[in-house]
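Chain A is the first sequence line, chain B the second, and so forth, proteins listed ahead of strands; every chain is numbered from 1. Side-chain atoms are counted along with the backbone in the values below, which use heavy atoms only and exclude waters and symmetry mates.
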There are 2 protein chains.
Amino acid sequence: MSVDSELVSGASLEAWQRLLRAHCVIARELDVELQSVHGMTLSDYDTLVQLRDCESETLKMSELSRRTMLTRSGMTRLVQGLERDGLVERRSCDSDARVSYAALTPHGHEVLQAARETHHAGIRRTFADHFTEEEAAQLAALLGQVPGALEGDVPCGGGA
Amino acid sequence: MSVDSELVSGASLEAWQRLLRAHCVIARELDVELQSVHGMTLSDYDTLVQLRDCESETLKMSELSRRTMLTRSGMTRLVQGLERDGLVERRSCDSDARVSYAALTPHGHEVLQAARETHHAGIRRTFADHFTEEEAAQLAALLGQVPGALEGDVPCGGGA
DNA sequence: GGCTTCTCGTTGCGCTCGCAACTATCTACA
DNA sequence: TGTAGATAGTTGCGAGCGCAACGAGAAGCC
């Protein structure tokens with residue numbers, strides 16, 4: 001069957017391909033920028049943001065990996081780097097000796113603040129500036145229909 | 001300045017974050033599927049498609065890297081793998097001894113055909129099924145506004 | 001209390017891939 | 001014809017990160 005059957009509509013295929021390319025172009029540029037100016041990767045940044053955005057600025061390793069797009073092993077190594085740079089410190093848990101917390105340090109907070117400036121300018125330049133406010137909202141709504149695209153879904157980070 | 005200045009609108013930021021997550025979730029799933037069923041990565045697949053979609057099914061290495069999202073060095077190694085698997089063969093150029101061609105073999109053509117089946121079903125399941133035809137067209141149009149998202153742009157593959 | 005099973009974080013290993021440097025070749029210009 | 005500069009492809013190296021396996025600890029069940 002189906003030598004030429006349309007398993008996927010042309011528009012969907014085109015949308016997916018453009019998503020792939022857009023992601024690649026933008027992520028690469030933002031990563032280079034963040035890395036050259038602040039010495040951190042996109043994943044580092046994302047992790048720090050997750051910490052800052054929760055009260056107490058402290059999260060369990062597994063929770064961090066769940067909120068970002070990393071596996072637990074990836075998060076272990078990423079946090080090792082952040083700790084080495086003094087952006088984060090580790091804490092143990094009294095009630096459960098297995099768990100380990102990562103907490104934003106004051107220095108980490110400062111560095112994140114500076115990086116935010118750079119990063120948001122980058123997002124604006126490479127991405128936001130090419131949409132009207134309405135288009136951005138539309139795009140966000142459409143992308144939200146993809147399972148796993150909404151923050152809080154548990155798509156892969158927590159797996160394996 | 002700007003402790004809380006909005007460098008990027010909330011909608012834009014949300015759109016970017018969702019794009020990031022959607023890409024991660026979908027790409028990971030499609031890659032795993034393609035790899036387990038056909039032993040090839042998403043990049044392999046994309047490269048084979050580029051070859052199939054041009055008359056003569058033959059392209060220069062640099063052209064391949066330009067059309068995919070890979071650097072020339074990445075393409076060198078990727079094509080080495082495809083050649084080892086017999087999906088592609090290398091040819092030299094009569095008029096320019098520097099250039100090297102990659103050409104789809106009959107076997108490569110077959111394998112690609114089979115992989116297409118799997119891959120398109122995957123795209124449909126993880127992506128296309130969550131949009132109406134109209135939404136997909138809208139999404140494609142919006143993503144097309146990102147510089148570099150359109151095929152034929154020369155965003156990064158050709159660089160370095 | 002023991003036993004099984006689950007979860008947490010870490011580690012060894014391997015893969016993909018970009019960057020920078022290198023060689024070989026082509027092109028331009030004198 | 002000689003030489004400088006651009007370009008094609010390859011390679012060494014290293015970063016990022018997922019997977020599978022592991023040890024430590026927690027929780028449920030008898």
Peer 1: Please tell me if B/Ser62 has a side-chain N or O lying less than 4.0 Å from either OP1 or OP2 of D/dG9.
Peer 2: yes
Peer 1: I'd like to know if B/Ser73 reaches the base of C/dC19 with its side chain such that a donor and an acceptor end up less than 3.5 angstrom apart.
Peer 2: yes
Peer 1: Would you say B/Arg90 places a side-chain N or O within less than 4.0 Å of OP1 or OP2 belonging to D/dA8?
Peer 2: no
Peer 1: Quick check for you: among D/dC17, D/dA26, C/dG9, whose closest atom lies nearest to any side-chain atom of A/Met61?
Peer 2: C/dG9
Peer 1: Does any non-hydrogen side-chain atom of B/Met61 lie less than 4.5 Å from one of B/Arg90?
Peer 2: yes
Peer 1: Have a look at B/Glu63 and say if it touches a base, only the backbone sugar-phosphate, or nothing, with a 4.0 Å heavy-atom cut-off.
Peer 2: nothing
Peer 1: I need the CD-P distance between B/Glu29 and D/dC19, as an integer number of Å.
Peer 2: 12 Å
Peer 1: Could you check whether any side-chain heavy atom of A/Arg124 comes within less than 4.5 Å of a side-chain heavy atom of B/Ser12, counting everything from C-beta outward?
Peer 2: no
Peer 1: Rounding to a whole Å, what distance do you find between A/Leu78:CG and D/dG18:P?
Peer 2: 10 Å
Peer 1: Considering heavy-atom distances to DNA chain C, does A/Arg98 or A/Met75 have its closest nucleotide positioned more toward the 5' end?
Peer 2: A/Arg98
Peer 1: Rounded off to whole Å, could you give me the CD-to-P distance for the B/Glu33 and D/dG18 pair?
Peer 2: 19 Å
Peer 1: Under 4.0 Å between any heavy atoms, over every strand shown, what does B/Ser100 touch: base, sugar-phosphate, or nothing? Just pick one.
Peer 2: sugar-phosphate
Peer 1: Nearest whole Å is fine: how far is D/dG14 P from A/Arg77 CZ?
Peer 2: 17 Å
Peer 1: Return the value, rounded to whole Å, for the distance between atom CD of B/Gln35 and atom C1' of D/dC17.
Peer 2: 14 Å
Peer 1: Quick check on DNA chain C: between B/Asp94 and B/Thr41, whose nearest nucleotide comes earlier from the 5' end?
Peer 2: B/Thr41
Peer 1: Do the side-chain N or O atoms of B/Arg72 get closer than 4.0 angstrom to the phosphate oxygens (OP1, OP2) of D/dT10?
Peer 2: no
Peer 1: Separation of B/Lys60 atom NZ from D/dT10 atom P, in whole Å?
Peer 2: 13 Å
Peer 1: Taking A/Asp85 for its side chain and A/Leu87 for its backbone only, find out whether a donor-acceptor pair lies under 3.5 Å.
Peer 2: no
Peer 1: If you compare every side-chain N and O of A/Gln80 against the phosphate oxygens of C/dT11 (OP1, OP2), does one of them come in below 4.0 Å?
Peer 2: yes
Peer 1: Quickly work out the B/Asp31 CG to D/dC17 C1' distance and round it to whole Å.
Peer 2: 13 Å
Peer 1: Using the rule side chain to side chain contact (heavy atoms under 4.5 Å, CB included), only one of A/Leu104, A/Leu82, A/Thr105, A/Thr58 pairs with A/Glu89; which is it?
Peer 2: A/Thr105
Peer 1: Return the minimal non-hydrogen interatomic distance between A/Val99 and A/Cys93, and the atom names on each side.
Peer 2: CG2-CB, 3.0 Å
Peer 1: Rounded to the nearest Å, what distance is computed from the CZ atom of residue B/Arg66 to the P atom of nucleotide D/dA8?
Peer 2: 11 Å
